[in-house]
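Written out below as structure tokens is the structure these notes cover.
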Amino acid sequence: MFWLTVIVAFLFPFVSFVTCESSTSPDDTSEAKKLFAFADTNFDHQLTYDEFDEAFMSCDINGDDKVRPEELLSKFLKEKLGGVKDALVLFYNLDVNADRSIMAEPDLRAAEKFFDTNEDKFISDIEFENQFVKLAGNYDDSMVANSTLIVDSLE
Ligand SMILES: [Ca+2]
Ligand SMILES: [Ca+2]
Ligand SMILES: [Ca+2]
């Protein structure tokens, strides 16, 4: 589903832009702003790929260069970045090779391409918000249902 979204975004930039604007949920936009602010450590409204990677890898609690769903979730809850659903929807969309871990290759490389729509090597706040809203809409209940074990383990 993630790659479908990417392909659609590349093939029909104007169509997907319009679609995205018309279906923007205020919740998803404020969630995007929160995550962007967390990653934008020098407050210049742009993320370099390094900043983007560092924000994710700051979730890697056990230092194995892989972010597991439970690691992302505990970061979200600790830093008040969002709820359980927000963390899991982000996780399963970004885990492009579906191995239940987010790594630099291939997951973060794919995510950088997805968010940096004008390919200038910076992810602007606008790019991030527009693309994040598309991701947040790419959600089905099985993502959360399949993760009850993870959620239970935190309680
Ligand atoms: Ca880890
Ligand atoms: Ca992965
Ligand atoms: Ca850009």
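Predicted model, so just to flag it, every value in this text is computed and none were measured. Atoms within each ligand, like the ligands themselves, are counted from 1 in listed order. These values consider heavy atoms only, across backbone and side chains, with no hydrogens, waters or symmetry-generated copies.
Residue D120 counts as close to the Ca ion (ligand 3), with an N, O or S atom under 3.0 Å. For a distance bound of 3.0 Å, the N, O or S atoms of I123 include none lying that close to the Ca ion (ligand 3). Coordination check, N118 versus the Ca ion (ligand 3): passed, since an N/O/S atom of the residue sits under 3.0 Å. Residue contacts to the Ca ion (ligand 2): S101 brings an N, O or S atom closer than 3.0 Å. Using a cut-off of 3.0 Å, one finds that D64 contributes an N/O/S atom close to the Ca ion (ligand 1). The distance from the Ca ion (ligand 1) to the nearest N/O/S atom of K66 is under 3.0 Å.
Summary: OD1 is the N/O/S atom of D60 found nearest to the Ca ion (ligand 1). When the Ca ion (ligand 2) is compared with the N/O/S atoms of D95, atom OD1 turns out nearest. For D116, the N, O or S atom with the smallest separation from the Ca ion (ligand 3) is OD1.
Here the angle at the Ca ion (ligand 2) defined by OD1 in D99 and OD2 in D107 stands at 150°, rounded to 10 degrees.
Not one N or O on the side chain of E79 forms a donor-acceptor pair closer than 3.5 Å with the backbone of F76. Remark: side-chain polar atoms of D95 are paired, donor with acceptor, to backbone N or O of R100 under 3.5 angstrom. Formation of a donor-acceptor pair under 3.5 Å by the D60 side chain with backbone atoms of D65 is found in this model.
Taking the side chain as every heavy atom from C-beta outward, L47 and F115 never approach each other to under 4.5 Å.
Interatomic distance, CZ of F56 versus CG of L94, reported as 4.5 Å (0.5 Å rounding).
A donor atom on one side chain and an acceptor atom on the other are found under 3.5 Å apart for E127 and T117. Side chain to side chain, E51 and T41 meet the donor-acceptor criterion of an N or O pair below 3.5 Å.
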